[in-house]
Amino acid sequence: MLRSACLLSATALVTTTALANDKLVEMQENASDWVMQTGNYANWRWSELDQINKDNVGELQVAWTMSTGVLRGHEGGPLVIGDMMYFTTPFPNNVFAVDLSDEHIIKWKYEPQQDPNVIGVMCCDTVNRGVTFAPGEGDRPDIILLQQADTTVVALNAETGEVVWEAVNGDPAKGETATMAPIVVKDKVMVGISGGEYGVQGHLTAYDLNTGEQAWRAYSTGPDDQILFDPENTTHLGEPVGADSSIKTWEGDQWQLGGGTTWGWFSYDPELDLIYYGSGNPGTWNPSQRPGDNRWSMTIFARNPDDGMAKWVYQMTPHDEWDYDGVNEMILADLEIDGQTRKTLVHPDRNGFSYTLDRETGELLVAEKFDPAVNWATEVVMDPSSDQHGRPQVVEEFSTAANGEDVNTTGICPAALGTKDQQPSAFSPKTKLFYIPTNHVCMDYEPFRVSYTAGQPYVGATLSMYPAPDSHGGMGNFIAWDAAVGEIKWSLPERFSVWSGALATAGDVVFYGTLEGYLKAVDAETGDELYRFKTPSGIIGNVTTYEHGDKQYVAVFSGVGGWAGIGLAAGLTDPTAGLGAVGGYASLKNYTDLGGQLTVFALPDRVTSGQ
């Protein structure tokens with residue numbers, strides 16, 4: 001009965017009429033499978049499976065493993081549909097189809113032929129956050145969707161691995177690359193773009209799921225017809241944005257190099273028929289070169305999936321001075337706030353504030369720090385009558401714009417990689433808590449003047465990173481967050497940033513991985529550690545679970561890398577390399593090394609049989 005009740009709660013956001021791909025919505029309700037990278041449209045990373053629970057998780061054993069054949073950072077995770085598992089690797093983005101019912105044989109393997117020069121314009125390692133599944137329709141078979149590093153979107157026949165269609169989404173020669181997992185909404189597949197450090201103009205693009213033809217493209221910066229805004233009906237904090245809301249906040253034509261890339265996680269509310277995602281940093285990192293609020297970088301967007309028109313937006317970090325990309329996951333949950341159940345969107349941002357908004361209107365409900373070390377701003381103004389409503393109150397001491405070019409501003413918390421980066425959180429409908437992997441890292445930041453050249457870095461800042469001072473000495477925490485009030489319920493210190501995506505289950509267990517390579521399981525209510533296992537390499541992948549043959553499995557990639565592990569992954573030694581991360585994580589090499597492996601865990605038969 002408990003599992004049934006939670007299932008109804010978990011699928012309330014994704015069960016509706018013909019607004020969504022009905023078969024895909026139905027498939028999300030099957031807890032045995034894992035049909036989306038984030039579990040469901042609401043980005044919960046939650047499973048109804050409870051064979052593995054807090055009383056027996058300590059008995060977990062390795063069930064099977066598989067090498068991916070590729071080193072560098074392994075983000076994302078596998079999908080499971082019936083007897084098949086699908087996953088991709090870092091560059092060159094090989095895709096595997098593994099038969100779970102036949103000794104885990106590789107049924108097919110897709111090997112893209114990409115120009116290796118694309119590696120040189122990938123900002124923060126050669127990661128890929130996973131493939132996406134779309135059920136067949138009409139003459140089109142079930143397909144697996146991949147966005148390659150070179151931006152090519154490929155639809156593969158899920159049965160054979162043959163290419164059904166492909167589309168080119170960007171140009172690596174201009175610094176445009178791709179790392180994100182696509183999302184399928186109704187008859188479209190939607191993809192973002194990377195390249196915020198190369199002066200690109202970020203965008204979200206929708207392609208026809210059957211043909212691969214471009215349906216629409218919405219830029220993050222630019223005139224209204226490019227950003228798909230209705231000046232009278234698109235709102236920001238409840239007020240119409242007005243004409244030219246973006247270009248008025250840039251000097252001249254700087255918006256054309258404005259960044260605002262879209263490489264994070266997307267969510268979808270079928271009832272409201274809105275997709276949600278965030279945009280990244282403005283270009284360049286030197287704020288003195290781009291006066292103004294630089295809209296709509298660092299922004300949450302709510303858009304109509306049919307035509308891309310924006311319903312509402314909220315800019316979290318106007319005139320960003322610290323590289324606090326706003327691309328992190330948007331988690332959709334119905335929460336009780338001030339005695340009233342609200343349809344909310346919860347977004348733990350890079351800037352160290354976690355935001356809770358009404359996902360229908362964009363009303364700001366909660367904005368609180370989810371790491372006490374955050375110091376660049378004192379608060380986000382919540383009073384709707386204030387001319388500062390929704391704006392963070394910047395502390396001048398930590399303002400790289402106020403201190404000026406060629407001045408090293410020290411002690412800024414968080415560092416550019418944020419209080420969290422893209423590593424996705426989990427939400428439990430049982431506890432109503434959000435389980436957030438975080439960074440506990442500060443930085444020194446010196447901006448300098450830089451000129452734009454297509455395909456060349458357009459950064460304009462030198463950084464160094466280090467653990468938050470006067471704290472536990474480590475660089476990360478794994479926390480339980482109450483988004484209804486904006487409070488940390490418990491926090492587990494970690495030696496390094498927690499760069500792995502979390503998983504919450506009906507067994508009252510929360511899983512996450514560490515940069516040293518540990519898979520950990522903790523009690524969802526208390527945070528007490530219940531299990532740990534050291535995998536062959538650091539974990540930056542996202543923990544997933546599935547059921548096959550009446551047995552529950554937990555799966556995770558190990559393969560150190562990503563921004564935090566770029567020094568180890570790419571063999572860098574200059575402390576300021578990797579946009580400042582190399583020096584901060586220099587000791588990581590003492591705890592792990594490169595790898596590329598899928599490790600799958602299960603309980604021994606004596607436990608599942610009750611012996």
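Count residues from 1 along the sequence. Below, all heavy atoms of this structure are taken into account, side chains as well, without hydrogens, waters or symmetry copies.
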Regarding Lys343 and Glu360, does a basic nitrogen lie under 4.0 Å from an acidic carboxylate oxygen? no
Report the residues that fulfil side-chain contact (heavy atoms from CB on, under 4.5 Å) with [X], sequence neighbours left out, ordered by chain and then residue number.
X: Pro291; answer: Glu251, Gln254
X: Val200; answer: Glu176, Tyr198, Thr261
X: Asp383; answer: Val381, Ser385, Ser386
X: Ser537; answer: Ser558, Val560, Thr592

Test ring-ring contact (aromatic ring centres under 6.0 Å, His included) applied to [X] - qualifying residues, sequence neighbours left out:
X: Tyr324; result: Trp322, Trp376
X: Phe448; result: none
X: His389; result: none
X: Phe301; result: Tyr277

Would you list the atom pairs, donor with acceptor, under 3.5 Å between side chains in residues 404-411 and any protein atom, with sequence neighbours excluded?
unit_1: Glu405; atom_1: OE2; unit_2: Asn286; atom_2: ND2; d: 2.9
unit_1: Glu405; atom_1: OE2; unit_2: Arg449; atom_2: NE; d: 3.1
unit_1: Glu405; atom_1: OE2; unit_2: Arg449; atom_2: NH2; d: 2.7
unit_1: Asn408; atom_1: OD1; unit_2: Tyr445; atom_2: N; d: 3.4
unit_1: Thr409; atom_1: OG1; unit_2: Asn403; atom_2: ND2; d: 2.8

Partners passing salt bridge (Lys or Arg N to Asp or Glu O under 4.0 Å) against Asp528 (at least two apart in sequence or in another chain): none
With under 30° as parallel and over 60° as perpendicular, where do the rings of Tyr41 and Tyr268 fit, or are they tilted in between? perpendicular
Return the orientation label for the Phe478 and Tyr512 ring planes: parallel under 30°, perpendicular over 60°, tilted otherwise. parallel
Is it the case that the side chain of Asn328 and the backbone of Asp421 share a donor-acceptor pair, with hydrogens and angles ignored and the cut-off at 3.5 Å? yes
For residues 362-377, pull every pair meeting salt bridge (Lys or Arg N to Asp or Glu O under 4.0 Å), keeping only residues two or more places apart or in separate chains. Arg342-Glu363
Just grab all the disulfide (SG to SG under 2.5 Å) pairs involving residues 493-540, residues at least two apart or on different chains. none
